[in-house]
**Q** 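First, the structure itself, so that you have it in front of you.
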Amino acid sequence: MSDIKIAIVTANGTEERTVETGTRAWQLFVDNADVIAARVGDQLKDLSYELVDGDTVEGVAMASKDGRDILRHSCAHVLAQAVQEIFPEAKLGIGPPIDNGFYYDFDVETPFVPEDLEKIEARMKKIIKDNQKFSRRVTNDDDARVELADEPYKLELIGLKGSAAEAAEGASAEVGAGELTIYDNLNRNGETVWKDLCRGPHLPTTKRIPAFKLMRSAAAYWRGSEKNKQLQRVYGTAWESKEALEEYLHLLEEAERRDHRKLGKELDLFSFPDEIGSGLPVFHPKGGVIKRVMEDYVRQRHIEEGFSYVGTPHITKDGLFHTSGHLPYYADTMFPPMEFEGTNYQLKAMNCPMHNLIFSSRGRSYRELPLRLFEFGHVYRYEKSGVIHGLTRVRGFAQDDSHSYCTKEQAPAEVKHLLNFMLTVLRDFGLQDFYLELSTRDDSKKDKFVGSDEDWAVATQVLADVCAETGLDLVPDPGGAAFYGPKVSVQAKDAIGRTWQMGTVQYDFNQPKGFGLEYVGPDGTKHQPVMIHSAKFGSIERFFGVLLEHYAGAMPPWLAPVQVTAIPIAERHVDYLYDVAKQMNALGLRVEVDESDDRMQKKIRNAQLQKVPFMMIAGDDDVEKGAVSFRYRDGRQDNGVPIAEAIERVKAAVASREQV
RNA sequence: GCCGCGUUAACUCAGUUGGUCAGAGUGUCCGCCUUGUAAGCGGAAUGCCGUCGGUUCGAUUCCGACACGCGGCUCCA
C-alpha cells in the first residue's frame, strides 16, 4: 500500500504528514471529539472523506460557524425523516441551515398544528438515539430521477442543478454545482431507512446532535415565489451543547421581554386603534414626550449641520410622482389615488419630489450649493397587511428626511458629511456598534433601475469610497438599490446583539434630470446638480421602537417621559417634595410627585415598573437635613443627598444624555 | 397579498363538548391605614365574550365573511 502526503491545519500552524492511501479524514481527528467535519482546501467534507495526495485538511469543530451549519443541516434531515415517518405522504422541499437554526419545507395535505410538532420532535429524538449513519453516495441525474420519482420538488431541483443559487435561497444545500449526491441514513444493521438528495456534508451519525428544539411551523412559498404553492415550513434550532441551546432560548425570552409592542402598552406610550386602521399608530402623552425629544434633538442637529428646515404637504397631484419616476415603480405600495376636480391626488409616499420643487422654485447659483433641505416628512405607504409590525413597519410614518443638492464634485464630501453626521446622531442615542450595507443595482434586472451604466458606476463608487473611509465593516447588498440610485444604510447592533437598519444615504442622479433641476455655475452656464437623500433615523416610528427594545423600556433620563418620581415616606413630606419638584420643573426637568394614598413601598414598585430613572424619596431624616434620597432602577440607593446637589445630578444626567 | 393561529372587563388571562357561563388577578372608584426603599386592609363599579350574517327552539360556544392581532412567506423607496 502506498503512502500519500497531506497537510493538517491546526491552531498551531500547518503540519505535514504522510498517511496510507485510503486514510479517511476522521482518522486524523480521533483525539478530538469536537471535530465533526473536515475542511479540505476550501471545501467542507464529511469525516468519511477519503484523503488524496496533496490535501490540506483542517478539522471543523461543531461550535464554529461551519460546524453549526453542518449540525443544523443534519438536524433538518432528521426532521424530514421524522415527518415522512409520521406523514408518509409528505413531499420534501428544501431544508437548509439558517441563522440560529434550520428549517425544512414539506408539501402536506393538512398544515401542521403544534401537537404535530410535539410528535415530530419525539420521533426526531428516537432517530437521534438510533445513531443512524449519514452515508454519502454519488449518483447522476438519471439515476436520481428514478430514485426520487416520488419527490416532485427534488426532481425540480435536479433540473435546476448548477443554477441552484437562483433556484431558491437555501437550495444550494440540496444540490451543488458539481456532482449530485444522495445521503442515506443507515441503521445499525447497515440498512437504508431514509434518504435525501443532498450535497452535504453531514455529521457522521444522528447521535452527534447534542441539543435541538422545534420552534414553529408556518407556510412558505416554494422557491420563494408567491406565484408558487405554499409549503409547510417547520423551523427548529440546534446547538453544540444543551447549555448553548438554553442560552439561545434565553435570548429569545429576553427579546420577547423587550418587545416594543408590549412595552408600548405597559408604559402607556402608543397604541394602534382599530378604528384608525392597521399600521397607523397614535402616540400617548408619555410616548409623545419621547417622540418630541427625539424630534427636537434631530431638528436642532440638522440646523447645526447646515440644513434648512422646510415643510411640505401630505398629498399631491399624481403628476409629481410621474415626474419623479416613483409611480411606475412603486404604484403597488402607494395608496390608491383620490379623484376630485378631475384630478388624481396621491397620498405622499416620499418627500424628495416636493423638496425638488423647493429647489426649482427659483434660479439657483453654485454659490448656494450644497443646498440642504430637511423636514419631518409624513409619508403613507400601502404596506401589505401581512407585513405590518408594531412601530417598525407601519403605513404612516415620519421620515427625518433630508436632500442635499450639490455639484458632482461636491458629492463625495457631502456623502461623507451625511454619514458622519448620522453616526454622531446614533451614538448620542446610545447605539455604539455599527456596520454599513451598500445596496447596488442588480445588473441582470436593469429594467428595475433607471439611468446609464456610467452614472450608476460613478454613484456606486462614490458611496463605496466614503464607506471605506469610515473604517466600518461594509456588507454588499446587490440588487437592493432604489430605482434611482445606490444607497448606503447603517445597521446598528442593539443591547442584545440584534441588528437593525437605521438611516440611509442615497446618491441620486436621476431625479435632478427628471425635474430639470439646474444651477448656474461659475462659468455662467447651467448645470445639473446631483441630490443626496438621507434619513438619519430612517423613520421616527421605527427608531422609537428600536430604542425601546435597545433599552428594554428603561430610557436614559434625557429621553425618559418621567425623569423623576418623587415619593414621600408619609403624607407630611408631600409639600417638601413639591418644593424640590418645582425647582426641577423650572429647569425643564420632568418630575412627578406621587401623592396617591398607596404605601411608600407600593409607590416605589410603581415607579420601578414604569422604569423611571430617578426615584426621589424624602422622609423625616431627609427633611431635617434639607436632603432627598435617590433610588435607581437597579435598586441602587443614595440617601441624604442635599437638595441643590440632587437637582444638579438630575440636570447633569439629562444634559450628558447618559444612562443611569 | 398568501398560509396557519387567535380576538372574553382598561390590562393579563381562566371558562362554556350550544341551555343560571359572565369569572380571577391587576388597575379604577369609595372608605380605613400615614407608613424608610418592589404589592397594607375592606368594599364597589365595570363586559353586545371583535363586527356582521348564517345554522338552531336557543349561539360567547358551530359555520361564513369582514376587521384587528400574532408567527412565517413574499415585500420594505
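Basis for what follows: all heavy atoms, side chains included, without hydrogens, waters or symmetry-related copies. Order of the sequence lines sets the chain letters (A, B, ...), proteins ahead of strands, with each chain counted from 1.
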**Q** Answer yes when Arg258(A) and Asp494(A) have at least one side-chain N-carboxylate O distance shorter than 4.0 Å, and no when they do not.
**A**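 No salt bridge links Arg258(A) with Asp494(A).
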**Q** With a cut-off of 6.0 Å (strictly less than), are more than 12 heavy atoms of other residues, nucleotides or ligands near CG of Asp99(A)?
**A**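 No.
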**Q** Look at Asp107(A) together with Lys229(A) and state whether they make a salt bridge at an N to O cut-off of under 4.0 Å.
**A**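 Salt bridge between Asp107(A) and Lys229(A), a charged N being under 4.0 Å from a carboxylate O: yes.
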**Q** Only pairs with both distances under 3.5 Å count, Watson-Crick or wobble alike; so what is the partner of C13(B) in this structure?
**A**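 When the pairing criteria are applied, G23(B) turns out to be the nucleotide that pairs with C13(B).
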**Q** Hey, which of these two, Asn639(A) or Tyr380(A), hits RNA chain B nearer its 5' end, going by closest nucleotide?
**A**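 Whichever sits nearer the 5' end wins; that is Asn639(A).
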**Q** Test side chain to side chain donor-acceptor pair (under 3.5 Å) on Lys603(A) and Thr565(A) and set out the steps.
**A** CA-CA 9 Å; Lys603(A) 292 180 183 182; Thr565(A) 295; over 6 Å; no
**Q** Output yes when at least one side-chain N/O atom of Lys265(A) is less than 4.0 Å from OP1 or OP2 of U12(B), else no.
**A**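 Yes.
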**Q** Spell out yes or no: do the side chain of Asp622(A) and the base of G36(B) have one donor N/O and one acceptor N/O closer than 3.5 Å?
**A**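 Indeed, a donor on one side and an acceptor on the other fall under 3.5 Å apart.
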**Q** Between C1' on G27(B) and CZ on Arg605(A), what's the gap in Å once rounded to a whole number?
**A**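 Going from CZ in Arg605(A) over to C1' in G27(B) covers 12 Å.
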**Q** What nucleotide, of U34(B), G1(B), G40(B), holds the atom closest to the side chain of Tyr382(A)?
**A**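 Taking heavy atoms from C-beta onward, the closest nucleotide is G1(B).
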**Q** Decide yes or no on ring pair (Phe, Tyr, Trp, His ring centres under 6.0 Å) for Phe87(A) and Phe112(A), but give the supporting numbers first.
**A** CA-CA 10 Å; Phe87(A) 306 96; Phe112(A) 296 124; 5.4 Å; yes
**Q** Would you say the ring centroid of Phe102(A) lies under 6.0 angstrom from that of Phe212(A)?
**A**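 Ring-ring flag for Phe102(A)/Phe212(A): false, centres at least 6.0 Å apart.
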**Q** Using a distance-only criterion (donor-acceptor N/O pair, under 3.5 Å, no hydrogens), is the base of C41(B) paired with the side chain of Arg599(A)?
**A**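 By the distance-only test, no, there is no pair.
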**Q** When you get a sec, tell me which of U74(B), G36(B), C75(B) is the closest nucleotide to the side chain of Glu226(A)?
**A**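 Closest of the options to the side chain of Glu226(A): U74(B).
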**Q** Are Tyr153(A) and Leu92(A) close enough that some pair of their side-chain heavy atoms sits under 4.5 Å apart?
**A**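 In short, these two side chains do not touch, never coming nearer than 4.5 Å.
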**Q** Looking only at the side chain of Asp597(A) (C-beta and beyond, no hydrogens), which of the listed nucleotides U37(B), A38(B), C33(B) gets closest?
**A**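 So the nucleotide nearest the side chain must be C33(B).
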**Q** Taking A44(B) as the reference, what is the distance to G1(B) when you measure between their P atoms (whole Å, please)?
**A**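 Approximately 48 Å lies between the P atom of G1(B) and that of A44(B).
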**Q** In residues 313-326 of chain A, what residues come within less than 4.0 Å of RNA chain B, judged by heavy atoms?
**A**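 By residue number: none to list.
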**Q** Quick one: is Arg633(A) getting a side-chain N or O under 4.0 Å of the A38(B) phosphate, OP1 or OP2?
**A**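 So the side chain of Arg633(A) is outside the cut-off, no N or O lying under 4.0 Å from OP1 or OP2 of A38(B).
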**Q** Looking at every strand, decide which applies to Tyr484(A) at a 4.0 Å heavy-atom threshold: base, sugar-phosphate, or nothing.
**A**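 Sugar-phosphate: the residue Tyr484(A), judged by heavy atoms under 4.0 Å, touches backbone atoms but no base.
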**Q** Can you spot which of Val650(A), Ile617(A), Asn639(A) makes a side-chain contact (heavy atoms from CB on, under 4.5 Å) with Phe630(A)?
**A**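 The passing option is Val650(A).
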**Q** Ile617(A) has an atom CD1; how far is it from atom C1' of U35(B), in whole Å?
**A**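 Taking CD1 of Ile617(A) and C1' of U35(B), I get 13 Å after rounding.
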**Q** Mind calculating the distance between CD (Gln232(A)) and C1' (C2(B)) to the nearest angstrom?
**A**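 Going from CD in Gln232(A) over to C1' in C2(B) covers 12 Å.
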**Q** Considering just the side-chain nitrogens and oxygens of Lys602(A), establish if one lies under 4.0 Å of OP1 or OP2 belonging to G27(B).
**A**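 For Lys602(A), the contact criterion (side-chain N or O under 4.0 Å from OP1 or OP2 of G27(B)) is met.
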**Q** Less than 6.0 angstrom separating the ring centers of His533(A) and Tyr484(A), yes or no?
**A**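 They qualify: ring centres under 6.0 Å apart.
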**Q** Do Glu256(A) and Lys262(A) sit within salt-bridge range, that is, some charged N less than 4.0 Å from a carboxylate O?
**A**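 No salt bridge links Glu256(A) with Lys262(A).
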**Q** As a test of reading the structure: which of A38(B), G1(B), C76(B) is closest to the side chain of Lys384(A), going by heavy atoms?
**A**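 Selected nucleotide (nearest to the side chain): G1(B).
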**Q** Take nucleotides 68-73 of chain B nucleotide by nucleotide from the 5' end and write B, S or -, depending on whether a protein heavy atom sits under 4.0 Å from the base, only from the sugar-phosphate, or from neither.
**A** SSSBBB
**Q** Looking only at N and O atoms, is any donor in the side chain of Glu571(A) or the base of U34(B) less than 3.5 Å from an acceptor on the other one?
**A**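 Present.
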